[in-house]
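Residue numbers begin at 1 in each chain, while the letters A, B, ... track the order of the sequences. Computed from a predicted model, the values in this text were never measured in an experiment.
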There are 2 protein chains.
Amino acid sequence: MSTTRPLRPVGGRSREVPGSGQGSATAASRVLAVLDAFGPAHATLTLSEISRRAGLSLTTTHRLVGELRVWGALERSEDGRYGIGLRLLELGALAPHGLQLRELAVPYVDDLHQATRANVVLGVRDGADVVYVEALRARGAVRLMSRIGGRWPLHATGTGQVLLAFAGPEVQEEVLSGPLTSFTPHTITDPAALRRTLAEVRRTGVAVAENQLTADAPALAVAVPVRGRGDEVVAALGVTVAAGTTQASALAPVLNATARGISRALGAPSAQPPSRRCT
Amino acid sequence: MSTTRPLRPVGGRSREVPGSGQGSATAASRVLAVLDAFGPAHATLTLSEISRRAGLSLTTTHRLVGELRVWGALERSEDGRYGIGLRLLELGALAPHGLQLRELAVPYVDDLHQATRANVVLGVRDGADVVYVEALRARGAVRLMSRIGGRWPLHATGTGQVLLAFAGPEVQEEVLSGPLTSFTPHTITDPAALRRTLAEVRRTGVAVAENQLTADAPALAVAVPVRGRGDEVVAALGVTVAAGTTQASALAPVLNATARGISRALGAPSAQPPSRRCT
DNA sequence: TCGCCGCTTTCGTCCCGCGGAAGACAAGTT
DNA sequence: AACTTGTCTTCCGCGGGACGAAAGCGGCGA
């Protein structure tokens with residue numbers, strides 16, 4: 001803990017000069033670098049922008065983008081900008097823990113959305129992040145936070161705290177030892193506090209996060225675990241409401257009921273009614 | 001063919017995939033071939049299966065899969081099988097005509113689903129196919145046809161017929177001249193009949209498809225266009241019900257109302273109320 | 001008109017990705 | 001236990017694809 005902390009190279013990508021011999025990027029990594037250039041804040045890019053963001057020469061970028069385009073990974077709009085193609089959406093939908101899970105859970109999540117009229121998300125863990133596989137917005141609220149495919153650090157969201165609380169120790173250590181990004185003054189950034197929060201989540205089976213992610217609109221997020229065939233936590237179901245409108249204690253029961261429904265559909269032993277035969 | 005043929009280079013690396021077009025495989029194409037190995041019927045694969053389906057040597061597959069895995073494009077489950085990773089879901093969600101569109105349309109589609117209690121899909125055109133960007137299932141019906149990321153030929157679905165009817169002539173010619181895959185005895189496979197159907201769709205603004213896709217469960221699909229900023233058709237909204245339960249004429253009004261709502265949200269001039277100023 | 005910027009194409013060199021081969025490992029069969 | 005079959009992993013030499021420089025193209029604003 002008290003070890004000397006090396007200077008963090010701020011924003012500096014490992015600038016590779018040809019001839020320095022160090023780097024040797026692989027061809028596959030270049031393809032992925034092109035895809036990596038796209039992001040929520042950069043959904044469409046020009047060729048030059050891709051080139052710069054991927055750190056590739058314009059020639060290489062041009063060729064790779066051309067190949068990706070004919071395959072359908074990228075598409076070009078009339079104004080010449082490039083964007084992600086539908087082929088990648090099609091592929092991404094095949095993710096076992098992604099839209100496959102959504103497919104099964106969507107009726108339950110839909111009911112929850114209808115019942116609570118709140119923002120509802122279903123998230124799974126990917127590394128040290130939570131990725132939303134389903135997100136339904138409340139009618140009025142325009143929250144850009146929760147989108148399908150949205151990715152946030154585990155410690156800063158209700159669903160993430162659930163997933164982290166029930167994740168393996170090595171995952172928890174990795175998150176707790178790493179920097180805890182702060183999004184608002186209320187975001188938990190102290191490892192000890194986070195550790196206590198996680199213990200509380202494990203004890204109660206519910207995570208309650210207030211104002212962790214957004215500063216402008218005070219929000220209350222409540223989340224519970226969803227379990228799979230081996231009773232392991234495979235996802236987290238969460239709702240977000242404007243702070244003050246609803247108590248967390250009022251949301252927990254309906255959340256738990258919905259989560260249990262999904263868990264049962266997934267084949268979780270603990271969620272099966274005693275009478276029902278195991279398939 | 002009577003030209004002097006040099007001795008066949010035994011160790012030639014230009015080993016082509018049999019039947020998979022003409023070769024000169026590029027490195028990028030190999031990466032894409034690995035991704036291409038996955039599909040709805042093959043959501044998870046072993047390394048050898050990927051190797052075979054991609055037409056790559058096991059060595060190459062092993063290396064590429066390794067790179068794709070550390071990047072997050074693929075993930076490996078406990079049983080050793082590979083599947084699509086959440087990173088690709090995240091990327092696919094950035095598709096301008098994909099989940100971006102879904103994000104905007106989902107409240108309307110949701111209402112339609114609640115009102116009709118039917119299967120509802122929102123599809124966009126990608127080449128000669130329709131790709132669903134949103135799909136909501138009716139409570140009882142388990143229809144594997146409509147999933148987010150699902151892809152079907154334009155001529156065989158209600159939404160596809162709408163998209164084809166309003167697509168450019170070159171797209172129509174390509175589909176009409178190509179083979180029209182038959183899924184059921186009712187699937188339109190005659191180009192002339194399809195041409196008449198498309199004209200009817202253009203005239204009425206509604207596509208009605210009966211038993212085009214599924215043979216076992218008689219189904220009625222109704223679809224209408226969704227328009228964008230330039231009044232061009234950017235998507236199609238469709239519902240599917242069991243044949244006999246509802247008349248197409250009863251579904252069309254609510255479908256049109258919903259589609260108009262989405263079109264308005266997209267900024268379509270024809271869907272704007274007269275008072276509103278054009279942006 | 002010029003210059004600027006982004007995109008496209010060509011081309012020769014070099015290096016990295018390729019497949020063969022062999023080893024490690026697991027599971028089913030005789 | 002020995003054999004078989006299938007999988008996954010590692011190592012290595014060679015050759016051809018991928019790379020970047022540079023030149024050509026085209027639109028836009030000064």
Whole-Å gap separating C1' (C:dC7) and CZ (A:Arg69): 12 Å

query: Does the base of D:dG6 carry an N or O that pairs as donor and acceptor with the side chain of B:Ser48 under 3.5 Å?
result: no

- line: Whole-Å distance, A:Ile50 CD1 to C:dC7 C1', equals 12 Å

task: May I ask you to say whether A:Arg102 pairs ionically with A:Glu134, meaning some side-chain N is under 4.0 Å from a carboxylate O?
output: yes

query: Does a side-chain N or O from B:Thr46 land closer than 4.0 Å to OP1 or OP2 of D:dC8, or not?
result: yes

Which pairs, protein N/O on one side and nucleotides 22-29 of chain C N/O on the other, fall under 3.5 Å?
none

- request: May I ask you to say what A:Arg76 touches in the nucleic acid, namely base, sugar-phosphate or nothing, with a heavy-atom cut-off under 4.0 Å?
  value: sugar-phosphate

Contacts of A:Glu90 that satisfy side-chain hydrogen bond (donor to acceptor under 3.5 Å, both in side chains) - sequence neighbours left out: A:Arg87, B:Arg151

query: Whole-Å distance between D:dT9 P and B:Leu58 CG?
result: 9 Å

Rounded interatomic separation in angstrom, taking CG from A:Asp79 and C1' from D:dG27: 15 Å

- prompt: Among residues 60-68 of chain A, which contact DNA chain D at a heavy-atom distance under 4.0 Å?
  reply: A:Thr60, A:Arg63

Minimum heavy-atom distance between A:Ala268 and A:Asp231, given as atom pair plus value: CB-OD1, 3.7 Å

- line: Here the pair of heavy atoms bringing B:Ala37 nearest to B:Ala54 is CB-N, 4.5 Å

- prompt: Quick one: does A:Thr59 reach the base of D:dA21 with a side-chain donor-acceptor pair under 3.5 Å?
  reply: yes

message: On the nucleotide C:dC18, are OP1 or OP2 found under 4.0 Å from the side-chain N or O atoms that B:Arg30 carries?
response: yes

query: Starting at CZ of B:Arg52 and ending at C1' of D:dC8, how long is that distance when rounded to a whole Å?
result: 13 Å

message: Check B:Arg30 with A:Glu67, please: is the shortest side-chain N to carboxylate O separation under 4.0 Å?
response: no

message: Taking the six-membered ring of A:Phe166 as reference, does the cationic atom of A:Arg125 (NZ for Lys, CZ for Arg) lie under 6.0 Å from its centre and within 45° of its axis?
response: no

- request: Measure from CD on A:Glu49 to C1' on C:dG6 and round the result to the nearest Å.
  value: 11 Å

- request: Without swapping roles, check the side chain of A:Gln161 against the backbone of A:Leu198 for a donor-acceptor pair under 3.5 Å.
  value: no

message: Quick check on DNA chain C: between A:Ala27 and A:Gly80, whose nearest nucleotide comes earlier from the 5' end?
response: A:Gly80

- prompt: So with a 6.0 Å cut-off around CZ of B:Arg260, is the heavy-atom count from everything else above 12?
  reply: no

message: Can you measure A:Arg81 atom CZ to C:dC7 atom C1' for me and round it to whole angstrom units?
response: 14 Å

message: Give me the atom names and distance for the closest heavy-atom approach of B:Leu163 to B:Val233.
response: CD2-CG1, 4.2 Å

